[in-house]
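This report refers to the structure that appears directly beneath it.
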Protein chains: 2
Amino acid sequence: MRSLAKGDDTRSSILEQALELSAEVGLEGLTVGTLAKRVGMSKSGLYAHFESKEDMQRQVLDAAASYFVDAVVSPALKQPRGLPRVRALFERWIDWISSNERRGGCLFIGSATELDDRPGPVRDTLVGHLRDVTGTIARAAAIAIEEGHFRDDLDLDQFAFEVWGILLTHHHFERLMGNRDARKRASVAFAALVRRATPA
Amino acid sequence: MRSLAKGDDTRSSILEQALELSAEVGLEGLTVGTLAKRVGMSKSGLYAHFESKEDMQRQVLDAAASYFVDAVVSPALKQPRGLPRVRALFERWIDWISSNERRGGCLFIGSATELDDRPGPVRDTLVGHLRDVTGTIARAAAIAIEEGHFRDDLDLDQFAFEVWGILLTHHHFERLMGNRDARKRASVAFAALVRRATPA
DNA sequence: TGTCAATACGAACGGTCGTGCTATCGTGCG
DNA sequence: CGCACGATAGCACGACCGTTCGTATTGACA
């Protein structure tokens, strides 16, 4: 039996810890030694699961993405087509940021600015995931147009730009600035955005 | 004569280089050795100008803030009170981000997410500067209300939240995602925000 | 039970990190 | 001119970085 390899098991628990840790210290701040200590194994034993640190970072991002899809995207897609689904996407997402929030916040957002001037495979991986994410918003908005919930001349990319922007801003104000109203302000901004998008 | 100390001279040229460098690699990525090489002096010689690395980071942030005030805030304050001044603030700011953009982008934005989970004096310094900055927006908006350009029930903090958010988002899409439309999308969002703020 | 891969470990590598100490340099003052 | 002093350099430190390698431990199958 190939399927029950023990290695895959440890690898995934490594990645789980890596997610927590990198949410605290950033993706660049994630270090082999610290992670090994956290997981409770030796540096070399841990490192054997990856071909390089870069590879490790990429795998962490992929793991984060799959968690994200499970927690945010999939449940939201079960909502009725159109505006409800768009709204669910926004709400669940902002909840996700706040719940991961005790420690670290959203890894994507955290990695975004630390990678924006460091070209390479890790950054490419992140950009890919973020494109998926804004793509998902745009697609949901397109459906909302079909359903007649949104104006049919709505600029989908502009809409996605602004939604993702509100999430970004919420994260910024809540986590860095310690603004307790962040959540409310984000909701207000989102409501205004939706109003702009609805037919006259 | 106390005023013409040579040290102050080198210190400011160190900070200048530090601004460039930290815009590329982030504030945390800024390292004594690399900076020394860049400035063309020894690690210890450079380090003698600061009492710790943390102190260095704080000074870099302060230097960035004063550059920012000179390039963005002061000129904008010369514009007529009210909406023109608010608009000038936004425009100059976004220009500033784009011009620093060849290498690095805005240090404040760059540092924001890497410091959001690392409490301490450096983070406090950053938060202070950012509060100044959103405060400036809110104050300009307050004047716009006085002038009758904005609705008098406008929520100032909400307005500042969203303006700063648009800047943040612009930076994100332009620098990380490489979106060539970022500037245009930011303008559209800002225009909609202003429309919401103008009296019915 | 013996075999063989898969897995984990300890130690070590060259490098760089932040940070001190000591010595040298350059320059304006007495 | 020489001296004092501020600015810079040289060097060393312990710690940690990513990475490699040889070795021990494990667990599945014969």
Side-chain angles (χ1 to χ4, degrees), chain A residues 1-19 21-22 24-61 111 114-115 117-123 125, chain B residues 1-19 21-22 24-61 63 111 114-115 118-123 125:
Chain A
M1 269 306 156
R2 202 76 305 281
S3 52
L4 323 169
K6 165 150 191 223
D8 291 5
D9 221 54
T10 25
R11 192 213 305 283
S12 70
S13 72
I14 290 175
L15 286 177
E16 208 167 323
Q17 295 290 332
L19 276 180
L21 186 52
S22 65
E24 295 171 29
V25 298
L27 199 61
E28 298 283 315
L30 186 63
T31 185
V32 183
T34 346
L35 181 55
K37 205 161 292 172
R38 178 104 154 209
V39 179
M41 57 190 294
S42 71
K43 241 173 51 161
S44 51
L46 181 146
Y47 192 74
H49 288 267
F50 311 95
E51 58 183 46
S52 70
K53 190 194 177 180
E54 217 176 65
D55 174 53
M56 185 174 93
Q57 292 176 316
R58 261 180 285 132
Q59 293 201 33
V60 172
L61 281 178
S111 313
E114 49 180 353
L115 288 176
D117 280 304
R118 295 177 191 74
V122 184
R123 172 186 151 146
T125 302
Chain B
M1 269 311 154
R2 203 75 305 285
S3 52
L4 322 168
K6 164 143 194 232
D8 290 6
D9 220 55
T10 27
R11 191 214 303 283
S12 69
S13 71
I14 290 175
L15 286 177
E16 208 167 322
Q17 295 290 330
L19 277 180
L21 186 53
S22 65
E24 296 171 28
V25 299
L27 199 61
E28 297 283 315
L30 187 62
T31 187
V32 183
T34 348
L35 181 56
K37 205 162 290 173
R38 179 107 154 206
V39 179
M41 58 190 294
S42 73
K43 242 173 53 161
S44 52
L46 181 147
Y47 192 72
H49 289 267
F50 311 94
E51 57 183 44
S52 69
K53 189 195 178 180
E54 217 175 64
D55 174 54
M56 185 174 93
Q57 293 175 315
R58 262 180 285 133
Q59 294 202 32
V60 172
L61 281 178
S111 313
E114 50 180 354
L115 288 176
R118 295 176 190 75
V122 184
R123 172 186 152 147
T125 302

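So you know, we letter chains A, B, ... as the sequences are listed, proteins then strands, and number each from 1.
dA15(D) atom P lies 19 Å from atom NZ of K53(B), rounded to whole Å. Across the protein-nucleic acid pair, E28(A) atom CD and dC17(C) atom P stand 14 Å apart, rounded to whole Å. In this structure, the CD atom of Q57(A) is 11 Å from the C1' atom of dG18(D), given to the nearest Å. The distance from atom CD of E54(B) to atom P of dT19(C) is 8 Å, rounded to the nearest whole Å. Between D55(B) atom CG and dT19(C) atom C1' the separation is 14 Å, expressed in whole Å. The CG-C1' distance, from L35(B) to dC17(C), rounds to 14 Å in whole Å. For the pair Y47(B) OH and dT8(D) C1', the computed distance is 16 Å after rounding to whole Å. In this structure, D9(A) atom CG and dT26(D) atom P are separated by 17 Å, rounded to whole Å.
Not one side-chain nitrogen or oxygen of H49(B) sits closer than 4.0 Å to the OP1 or OP2 atom of dG6(D).
With dC9(C), dA7(D), dG18(C) as the choices, the nucleotide that has an atom nearest any side-chain atom of M41(A) turns out to be dC9(C). In this structure, of dA7(D), dC17(D), dT20(D), it is dC17(D) that holds the atom nearest to the side chain of K43(A).
Inter-residue side-chain proximity for F50(A) and V32(A) is flagged as unmet; no heavy-atom pair is nearer than 4.5 Å. Put simply, the side chain of K43(A) does not reach to within 4.5 Å of the side chain of L35(A), judged on heavy atoms.
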task: Show the numbers, then the answer: is there a salt bridge (Lys or Arg N to Asp or Glu O under 4.0 Å) between E16(B) and R38(B)?
output: CA-CA 11 Å; E16(B) 208 167 322; R38(B) 179 107 154 206; over 6 Å; no
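A donor-acceptor pair is defined here as one N or O able to donate and one able to accept, closer than 3.5 Å; no such pair exists between the side chain of K53(B) and the backbone of Y47(B).
Each of S52(A) and K37(A) lies near DNA chain D, and the nucleotide nearest K37(A) is the one positioned closer to the 5' end. Of the two residues contacting DNA chain C, namely S44(A) and G33(B), the nearest-nucleotide position lying further toward the 5' end is that of S44(A). Nucleotides of DNA chain C nearest to G40(A) and V32(B) differ in position, and the one nearer the 5' end is that of G40(A).
A side-chain contact (heavy atoms from CB on, under 4.5 Å) with Q59(B) is found for one member of E54(B), H49(B), R11(B) and no other, namely R11(B).
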